[in-house]
Protein chains: 2
Amino acid sequence: MLCFDKVGAGGALKVLKRLDESLLTGLAPFRQMSRAEIRAVLDLAASRRYPEGSTVFAAGFPAERFYLLLDGTIRVLRTTPEGEQIVVLHIPAGQLFGIAPAIGATTYPGTAVAASEVIALSWPSRLWSDFTARYPGFGLQAMRTIGQRLGELHARIADLATRQVEQRVAAALMQMAAQGGRRTTGGGIEIAFPVTRQNIADMTGSTLFTVSRLLSAWEQAGLVASRRRHIAVTDPHRLMLVASPPPA
Amino acid sequence: MLCFDKVGAGGALKVLKRLDESLLTGLAPFRQMSRAEIRAVLDLAASRRYPEGSTVFAAGFPAERFYLLLDGTIRVLRTTPEGEQIVVLHIPAGQLFGIAPAIGATTYPGTAVAASEVIALSWPSRLWSDFTARYPGFGLQAMRTIGQRLGELHARIADLATRQVEQRVAAALMQMAAQGGRRTTGGGIEIAFPVTRQNIADMTGSTLFTVSRLLSAWEQAGLVASRRRHIAVTDPHRLMLVASPPPA
DNA sequence: TGCACATGTTGTGCTTCGACAAAGTCGGCG
DNA sequence: CGCCGACTTTGTCGAAGCACAACATGTGCA
């Protein structure tokens, strides 16, 4: 069975609830796998809870394990030679991450930190080839995930290269809302994990100060509502217009 | 045998020479494959020449074929909703491209244009699963290529987010020199494919004007030499210092 | 040879946005 | 309760680099 390392009762319950659900709806990586197969794979997994802000793995280190994110959000960072760090992407619950073996890498290309409290399963990297050989659907889904991330990275690059800061920040908010969002009463979307202005600055290649100003302005205009470390998009439609204004 | 569609005598010779070489040194995707296997794969390929500036495939279209670049350089573009286009990456000879099937995509995520005259082999996408199933090394190398591109994209994002335009332009030059470079007499490196200032601007999220100014300044300082549409880095070491200045 | 067009250069504003300073607010913890 | 630290707000200043205009130069083609 699953071995719960340092997972409190609440965490374990959460995990089981999710797994239950997954057996019904199918967590992406397990689609096209029978329950027995999923069972077998889960038997080999270690489960672990990561408190907010903790590092799951760091760039450049040997890729000893690969992970499946059950709950929470992972932030993937990259540190420049100059020591500044920027947020490359966010990974939502249900996705694989740290899958260096899938791309023939032996070290992690980025650093993964828990953006919120996180629960993740993990397996030793040497099992990767077994898994993909034995369960073709597993490998296929992993490739799809990678493809999707490639697409996101392309889009980020296009963003950074062509848009103004204001549009980038709006786009970053929309993306986080789409990815880690919870509907609120009244048509708004609340971002489910903690975000500081500094985080957003790191995402958009901007500064804390500028982001703060923008959010204040938007809050006054009724586009967003923000508490400390938490942001909700109250008017997604108008914010989207800020992110990509219509040509004329 | 290979079918040469619209390849002139010179092109065909080039192809054969390269293939010959590849049988010796091993083109990346064919490593770990026997000569007979390579032969079999080549038998199914179409070969085609693309004049400079022509589009090999366009973003969003059905991914009907995947390609192996034999000669020349491919520029991968992405068009923003606003119609601006930016250069996402360059692909050097010897690599696979348009490998949407590898990531479970049915349409191309980007547009590929020939940065210089290009010769490429291609296969129908439906053969992808056959190839990877029959020749594991082929799939593995493809994954490595994708992994490498992911890394490059991460680096581009970090660049765009944290560096000044001057550093980005310098970094772009260095990357092109490293990737599509030919040594010149005197320790310099000439970029082997045509590049306009506009191209560089598209790569760095800058403008034609700014790039022109920077190149002029560098030319005066003896870091680069440029003819129309061709650039050589004459002092790679100093240009590298511009790209990433030492911390103190 | 000469024209047309693509490409590159350079000068002058002007906007955007980052740097820095200083102070305000919230939350946790002893 | 009160302190401390993390997070946020707001103001001023200045520079990076974009927009635009006008011109120069090279390249292909008839």
Side-chain angles (χ1 to χ4, degrees), chain A residues 51-54 80 82 84 86-87 113 115-117 159-173 191 193-221 224-232 242 245, chain B residues 51-54 80 82-84 86-87 113 115-117 159-173 191 193-221 224-232 242-243 245:
Chain A
E52 182 189 326
S54 62
T80 67
E82 288 78 30
E84 297 156 292
I86 68 125
V87 177
V113 305
S116 59
E117 172 164 314
D159 256 37
L160 286 167
T162 63
R163 298 201 205 171
Q164 304 284 81
V165 169
E166 182 174 8
Q167 303 173 308
R168 297 211 298 268
V169 173
L173 278 184
I191 294 168
F193 50 92
V195 202
T196 67
R197 325 277 139 146
Q198 182 63 57
N199 289 150
I200 299 177
D202 290 342
M203 263 179 269
T204 54
S206 170
T207 63
L208 168 62
F209 310 100
T210 303
V211 172
S212 181
R213 274 178 241 272
L214 287 173
L215 283 180
S216 297
W218 290 339
E219 183 134 27
Q220 287 213 336
V224 305
S226 73
R227 314 190 322 273
R228 151 176 295 236
R229 298 180 36 132
H230 282 276
I231 303 175
V242 175
Chain B
E52 182 188 327
S54 63
T80 67
E82 287 77 33
E84 298 155 294
I86 66 125
V87 177
V113 305
S116 58
E117 171 164 315
D159 256 37
L160 286 167
T162 64
R163 298 203 207 170
Q164 305 283 84
V165 169
E166 182 174 9
Q167 302 174 309
R168 297 212 296 269
V169 173
L173 279 184
I191 295 168
F193 50 92
V195 201
T196 67
R197 326 276 141 151
Q198 183 63 57
N199 289 152
I200 299 177
D202 289 342
M203 262 178 270
T204 55
S206 171
T207 62
L208 167 63
F209 310 100
T210 303
V211 172
S212 181
R213 276 177 239 272
L214 287 173
L215 284 180
S216 298
W218 290 338
E219 184 135 28
Q220 288 213 336
V224 305
S226 72
R227 309 187 330 269
R228 153 173 292 236
R229 299 180 38 135
H230 282 275
I231 302 176
V242 175

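Here the structure is a predicted model, which means the values were calculated and not measured.
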Pick out the pairs of N or O atoms, protein on one side and nucleotides 14-18 of chain C on the other, that lie under 3.5 Å.
| residue | atom | partner | partner atom | Å |
| --- | --- | --- | --- | --- |
| C:dC17 | OP1 | A:Val165 | N | 2.8 |
| C:dG18 | OP2 | A:Ser206 | OG | 3.4 |
| C:dG18 | OP2 | A:Thr207 | OG1 | 3.4 |
| C:dG18 | OP2 | A:Thr210 | OG1 | 2.6 |

Over all atoms of both residues, closest heavy-atom pair of [X] and [Y]:
{"X": "A:Ala225", "Y": "A:Glu219", "answer": "CA-OE2, 3.5 Å"}
{"X": "B:Ala115", "Y": "B:Phe193", "answer": "CB-CD1, 4.1 Å"}
{"X": "B:Arg197", "Y": "B:Arg227", "answer": "NH2-O, 3.8 Å"}
{"X": "A:Met203", "Y": "A:Ala172", "answer": "SD-CB, 4.5 Å"}

- Task: Could you check how far CZ of A:Phe209 sits from P of C:dA23, rounded to whole Å?
- Result: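 Rounding to the nearest Å, CZ of A:Phe209 and P of C:dA23 are 15 Å apart.
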
- Distance, rounded to the nearest Å, where B:Leu208 contributes CG and C:dG8 contributes C1':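 In whole Å, C:dG8 C1' lies 7 Å from B:Leu208 CG.
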
- Tell me whether the OP1 or OP2 atom of C:dA6 has a side-chain N or O from B:Arg229 closer than 4.0 Å.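 No, outside the criterion.
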
- Query: Could you give the start and end, 5' to 3', of the contact zone on DNA chain D for chain A, using atoms under 4.0 Å from its heavy atoms?
  - Reply: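 Span of nucleotides near chain A: D:dA6 to D:dT12.
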
- At what distance, to the nearest 0.5 angstrom, does CG of A:Leu214 lie from CZ of A:Phe209?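 Separation between the atoms: 13.5 Å.
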
- Message: Which residue is it: B:Ile200, B:Leu173, B:Asn199? I am looking for the one with a side chain to side chain contact (heavy atoms under 4.5 Å, CB included) to B:Val211.
- Response: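 Considering B:Ile200, B:Leu173, B:Asn199, a side chain to side chain contact (heavy atoms under 4.5 Å, CB included) with B:Val211 is found only for B:Ile200.
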
- Item | Axial bend angle, the helix from C:dT1-D:dA30 to C:dG30-D:dC1: five-pair end segments, nearest 10° |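 The helix from C:dT1-D:dA30 to C:dG30-D:dC1 shows an end-to-end axis angle of 40°.
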
- Message: With heavy-atom distances below 4.5 Å as the criterion, would you say the side chains of A:Thr196 and A:Leu208 are in contact?
- Response: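 Sidechains of A:Leu208 and A:Thr196: no contact.
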
Scan nucleotides 24-30 of chain C against the protein and return all N/O pairs shorter than 3.5 Å with their distances rounded to 0.1 Å.
| residue | atom | partner | partner atom | Å |
| --- | --- | --- | --- | --- |
| C:dT25 | O2 | A:Arg228 | NH2 | 3.0 |
| C:dC26 | O2 | A:Arg228 | NH1 | 3.4 |

- Message: With side-chain hydrogen bond (donor to acceptor under 3.5 Å, both in side chains) as the rule and sequence neighbours excluded, what pairs involving residues 200-215 of chain B come up?
- Response: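 For residues 200-215 of chain B: B:Gln198-B:Asp202, B:Thr207-B:Thr210.
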
Going by atom type alone, with no hydrogens or angles, which donor-acceptor pairs under 3.5 Å involve a side-chain atom of residues 160-167 of chain A and a protein atom two or more places apart or on another chain?
| residue | atom | partner | partner atom | Å |
| --- | --- | --- | --- | --- |
| A:Thr162 | OG1 | A:Ala158 | O | 2.8 |
| A:Arg163 | NE | A:Asp159 | OD1 | 3.3 |
| A:Arg163 | NH1 | A:Ala243 | O | 2.8 |
| A:Arg163 | NH2 | A:Asp159 | OD1 | 3.3 |
| A:Gln167 | OE1 | A:Gln164 | N | 3.1 |

